[in-house]
Amino acid sequence: MQSRFVLYSVLATLFIGGFAFVADALVVSDEEHLGELAEAVTEGDGQARVDAAMRWMDLSRAEVTVRQNGSSATFDEGDGFRLQREVEDALSAFRDPDAEVVQRSVDVDGERATVAVRVRTGGAAHDASFHLVRSGQGWLVERLSTR
């Protein structure tokens, strides 16, 4: 009788543990999802990195502000081409194929999040911070700051 109880307990534990493992594998946390942005702007070729950042921007749903070198520009619907050029310029250090990733971080605070990335090229450190806002089930960049 006791061996049957032990067997059922082991089977129940394995079933619950397996279910929890599968559920965790299927559910992507906000941090994991936003980590994809950090990886995308530091991996692949230079233009692919800019294109990856642009996929997180939708001017029809949210304005985007780009801050770099002490200046700031805001883009809205209809400014897609100008935004593309500004992002390419802002992320120029990240386009270097020899850029070494120094640090990546993701911070989620309710409906807002920040993805920060630091790379080193030619001995100098370059930072990019993507400030995002939740939009439906996803996230959109509302500000990109570089230095």
Side-chain angles (χ1 to χ4, degrees), residues 8-147:
Y8 289 147
S9 296
V10 169
L11 288 175
T13 301
L14 289 174
F15 177 74
I16 292 170
F19 180 76
F21 178 77
V22 170
D24 182 52
L26 293 176
V27 175
V28 177
S29 72
D30 287 333
E31 287 83 2
E32 291 170 326
H33 182 64
L34 293 167
E36 294 172 12
L37 171 60
E39 290 176 21
V41 298
T42 57
E43 296 176 359
D45 69 60
Q47 188 58 43
R49 295 174 185 191
V50 172
D51 293 342
M54 293 296 297
R55 283 193 291 276
W56 291 77
M57 301 175 193
D58 183 351
L59 295 176
S60 68
R61 293 170 40 197
E63 287 185 343
V64 175
T65 300
V66 178
R67 293 181 180 169
Q68 63 172 326
N69 302 325
S71 65
S72 177
T74 301
F75 303 89
D76 57 17
E77 200 167 4
D79 290 332
F81 180 73
R82 286 183 352 150
L83 175 62
Q84 173 83 27
R85 293 189 57 154
E86 192 75 14
V87 171
E88 286 174 355
D89 187 43
L91 295 178
S92 61
F94 289 78
R95 296 175 69 191
D96 183 343
D98 297 325
E100 173 193 358
V101 179
V102 176
Q103 183 178 5
R104 296 182 202 167
S105 69
V106 175
D107 180 41
V108 177
D109 186 16
E111 300 296 308
R112 299 202 169 275
T114 303
V115 174
V117 183
R118 174 175 285 169
V119 297
R120 181 174 294 121
T121 59
H126 303 276
D127 299 318
S129 296
F130 297 86
H131 302 270
L132 300 99
V133 62
R134 187 182 301 276
S135 177
Q137 296 296 316
W139 294 88
L140 291 175
V141 171
E142 64 178 2
R143 186 174 73 240
L144 166 60
S145 302
T146 61
R147 55 184 178 110

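Proximity of Val50 to Gln84: side-chain heavy atoms (C-beta onward) are separated by under 4.5 Å at one or more points. Within the 4.5 Å cutoff, side-chain heavy atoms of Leu34 are placed close to those of Trp56.
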Start with the C-alpha gap between Met57 and Val87, add the side-chain angles, then the distance that decides, and say whether side chain to side chain contact (heavy atoms under 4.5 Å, CB included) holds. CA-CA 11 Å; Met57 301 175 193; Val87 171; 3.9 Å; yes
Walk me through it: do Leu37 and Arg55 pass the test side chain to side chain contact (heavy atoms under 4.5 Å, CB included)? CA-CA 9 Å; Leu37 171 60; Arg55 283 193 291 276; over 6 Å; no
Start with the C-alpha gap between Leu132 and Val141, add the side-chain angles, then the distance that decides, and say whether side chain to side chain contact (heavy atoms under 4.5 Å, CB included) holds. CA-CA 4 Å; Leu132 300 99; Val141 171; 3.8 Å; yes
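The shortest heavy-atom contact between Leu144 and Ala128 is CD1-CB, 4.3 Å. Listed here is the closest heavy atom pair of Arg49 and Gly44: NE-O, 3.0 Å. The shortest heavy-atom contact between Ala62 and Leu140 is CB-CD1, 4.2 Å. Taking all atoms of both residues into account, the shortest heavy-atom contact from Gly110 to Trp139 is O-CH2, 3.6 Å.
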I'd like a table of donor-acceptor pairs (distance under 3.5 Å, sequence neighbours excluded) in which one partner is a side-chain atom from residues 89-99, with atom names and distances.
unit_1	atom_1	unit_2	atom_2	d
Asp89	OD2	Gln68	NE2	3.1
Ser92	OG	Asp89	O	3.2
Arg95	NH2	Gln47	OE1	3.1
Asp96	OD1	Asp98	N	2.8

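In terms of modelled atom types and a separation under 3.5 Å, the side chain of Asp79 and the main chain of Arg82 share no donor-acceptor contact. For the pair Arg67 (side chain) and Ser72 (backbone), a donor-acceptor distance under 3.5 Å is absent.
Donor-acceptor pairing under 3.5 Å is lacking for the side chains of Ser71 and Asn69.
Remark: of the listed residues Glu31, Glu36, Glu43, Glu43 is the sole one forming a salt bridge (Lys or Arg N to Asp or Glu O under 4.0 Å) with Arg104.
Within 6.0 Å of the CZ atom in Arg85, the count of heavy atoms belonging to other residues, nucleotides or ligands does not exceed 12. Counted within 6.0 Å of CG on Asp45, heavy atoms from surrounding residues, nucleotides or ligands total more than 12; the atom is thus considered enclosed.
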